[in-house]
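Note sheet for the following structure.
Values reported hereafter were calculated over all heavy atoms of this structure, with side chains retained and with hydrogens, waters and symmetry mates removed.
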Number of protein chains: 2
Amino acid sequence: MQLSCITLFTMERVLDRILSEITGRGFRLTRVRRAVVEIFLDRGLPLSAADVIAALRPGNASINKTTVYRELAFLEEHGIIKEIRFLHERVKRYELAGGDHHHHLICMKCRKVEDIVLEGDLEEEERRILESTGFRVLDHSLEFVGICQGCR
Amino acid sequence: MQLSCITLFTMERVLDRILSEITGRGFRLTRVRRAVVEIFLDRGLPLSAADVIAALRPGNASINKTTVYRELAFLEEHGIIKEIRFLHERVKRYELAGGDHHHHLICMKCRKVEDIVLEGDLEEEERRILESTGFRVLDHSLEFVGICQGCR
DNA sequence: GAGTGTAATGCAACTTAGTTGCATGTGTCA
DNA sequence: TGACACATGCAACTAAGTTGCATTACACTC
């Protein structure tokens, strides 16, 4: 992955913030934990447990899948990553939490995922839903499926 | 399920249309096939394979799960139902295809699901996405999670 | 109404994704 | 350096869905 100096610098800061958040709450900074957080930062995309395991393999010969599942649960529980699911996919995915609120563009051909930020998002819609149905929206998930520029 | 005469009449018409679509293409109208379509019409909500199996049980003592999975695949393949997945759920769900384009309100407390139709939907957003990223949106999925009127 | 071909069904065994219990290992702090 | 509790590894398990293959039953013809 090619990174500019700025991006690298930002990533280091985010990594430090996450790691000190973990230690600050009395949890340990283990080899696996650090590696998993770095993988999420490095990829910047929603990853499944299988993705994380594959990414860990080169350096750390045999990391148990149970450990990875538990690490993902730990990071989610502490608000560092959050679960998302894509349409027609059976696997859980996670991405770093705490970034800007965004949605995903998923290419049907190459399966590439891009983030997208919508102007004004859906606040207006959610207000209208409350008015017309009495349903109070607390969260939403939105994903777009189609063909990316490279595949057209 | 309480139904008005109008609703019952409409359901009958929809059922007939679906069934004649199936026979018209040279497929058989079996006991299970008819029952599954009727269940979707009757419930009017996204159902999982387990839901369908449970709904079949009372009348049809032992319908094999393989049959149900294959029936759902058949109905999806022929555009009669379509797959949807809800956030944080691992199971596939299906709902009748061909109705108005809509989204779902999912109550976190009672798990009830309501349909919602958005004014103008997301056409405007999709046009903007094409302009700014070159990604051509062909489909989207949107669901709202929150608290329904009854649970507040 | 009987015969026939093929779609549909049932059963068992399998796959994939994720989880649980329990014994063992290792970071961190005193 | 030692000790405690968090973290890890292994094996066995669960849930959801799939596959292969033998059997059944629609729907069509006669």
Side-chain angles (χ1 to χ4, degrees), chain A residues 18-39 46-57 59-78 80-94 111, chain B residues 18-39 46-57 59-78 80-94 111:
Chain A
I18 291 173
L19 296 184
S20 60
E21 219 167 280
I22 290 169
T23 54
R25 292 188 213 173
F27 296 100
R28 294 182 195 158
L29 218 57
T30 62
R31 192 170 55 97
V32 177
R33 182 156 297 160
R34 180 187 286 275
V36 171
V37 173
E38 279 174 356
I39 287 166
L47 301 176
S48 66
D51 293 336
V52 172
I53 290 168
L56 282 168
R57 278 285 145 72
N60 308 268
S62 67
I63 279 164
N64 196 274
K65 67 169 181 166
T66 305
T67 305
V68 173
Y69 279 110
R70 281 201 272 236
E71 192 53 43
L72 293 173
F74 172 92
L75 294 173
E76 189 192 9
E77 199 178 329
H78 292 88
I80 293 159
I81 58 176
K82 65 180 175 194
E83 187 192 328
I84 52 173
R85 283 189 191 252
F86 288 161
L87 201 64
H88 302 305
E89 263 200 359
R90 60 194 292 180
V91 296
K92 273 186 191 177
R93 293 187 174 274
Y94 296 91
R111 306 302 300 168
Chain B
I18 292 173
L19 297 184
S20 60
E21 219 168 281
I22 290 168
T23 53
R25 291 189 215 171
F27 296 100
R28 293 179 196 162
L29 217 56
T30 63
R31 188 171 58 98
V32 177
R33 181 155 298 158
R34 178 187 288 273
V36 172
V37 173
E38 279 174 357
I39 288 165
L47 301 175
S48 66
D51 293 336
V52 172
I53 290 168
L56 282 169
R57 279 284 143 75
N60 308 270
S62 66
I63 280 164
N64 196 272
K65 65 168 182 168
T66 306
T67 305
V68 172
Y69 280 110
R70 281 200 272 235
E71 191 53 42
L72 293 173
F74 172 91
L75 293 173
E76 189 191 10
E77 200 179 327
H78 292 87
I80 293 159
I81 58 176
K82 64 181 176 196
E83 187 192 327
I84 52 173
R85 283 189 191 254
F86 288 161
L87 201 62
H88 304 304
E89 264 200 359
R90 62 194 291 180
V91 296
K92 273 186 190 175
R93 291 186 175 277
Y94 297 90
R111 308 300 302 168

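Contact record, Ala55(A) with Ile39(A): CB-CD1, 3.6 Å, taken as the closest heavy-atom pair. The shortest heavy-atom contact between Ala49(B) and Val68(B) is O-CG1, 4.1 Å.
The CD1 atom of Ile63(A) sits 15 Å away from the P atom of dA7(D) (whole-angstrom rounding). We find that CG of Asp51(A) is positioned 11 Å from P of dA17(C), with the value rounded to whole Å. Between the CD atom of Glu77(B) and the C1' atom of dA8(C) there is a distance of 14 Å, given to the nearest Å. Here the P atom of nucleotide dG17(D) and the CD atom of Glu76(B) are 12 Å apart, to the nearest Å. Leu19(A) has its CG atom 15 Å from the P atom of dG27(C), to the nearest Å. At whole-Å resolution of the value, CD in Glu89(B) and C1' in dG17(D) are 15 Å apart. To the nearest angstrom, P of dT19(C) lies 14 Å from CD of Glu71(A). Atom-to-atom, CD1 of Ile22(B) to C1' of dA8(C) comes out at 13 Å; the value is rounded to the nearest Å.
Relative to the side chain of Asn64(A), the nucleotides dC11(C), dG18(C), dC10(D) differ in distance, and dC10(D) lies closest. The side chain of Phe27(A) lies closest to dC6(D), out of dA17(C), dG9(D), dC6(D). Comparing dC6(D), dT20(C), dG18(C) by their closest approach to the side chain of Arg70(A) singles out dT20(C). When distances run from any side-chain atom of Thr67(A) to the nucleotides dT18(D), dT19(C), dT8(D), the shortest one goes to dT8(D).
When the side-chain nitrogen and oxygen atoms of Thr30(A) are compared with OP1 and OP2 of dT8(D), one or more of them lie within a distance under 4.0 Å. Considering only side-chain N and O atoms, Lys65(B) lies nowhere under 4.0 angstrom from the phosphate OP1 or OP2 of dT19(D). In terms of phosphate contacts, Tyr69(A) brings a side-chain nitrogen or oxygen within less than 4.0 Å of OP1 or OP2 of dG18(C).
In the model, His78(A) has no side-chain atom that pairs as donor or acceptor with a side-chain atom of Glu21(A) under 3.5 Å.
Nucleotides of DNA chain C nearest to Arg90(A) and Tyr94(A) differ in position, and the one nearer the 5' end is that of Arg90(A). Looking at which nucleotide of DNA chain D each of Thr23(B) and Arg33(A) is closest to, the 5′-most match is held by Arg33(A).
Residue Arg28(A) places a side-chain atom within donor-acceptor reach of the base of dT26(C), judged by atom type and a 3.5 Å distance cut-off alone. Side-chain to base pairing of Thr66(A) with dA12(D): no donor and acceptor N or O lie closer than 3.5 Å to each other.
Listed for the Arg85(A) side chain is a donor-acceptor partner under 3.5 Å among the backbone atoms of Arg90(A).
To the nearest 0.5 Å, atom CZ of residue Arg28(B) and atom CZ of residue Arg33(B) are 9.5 Å apart.
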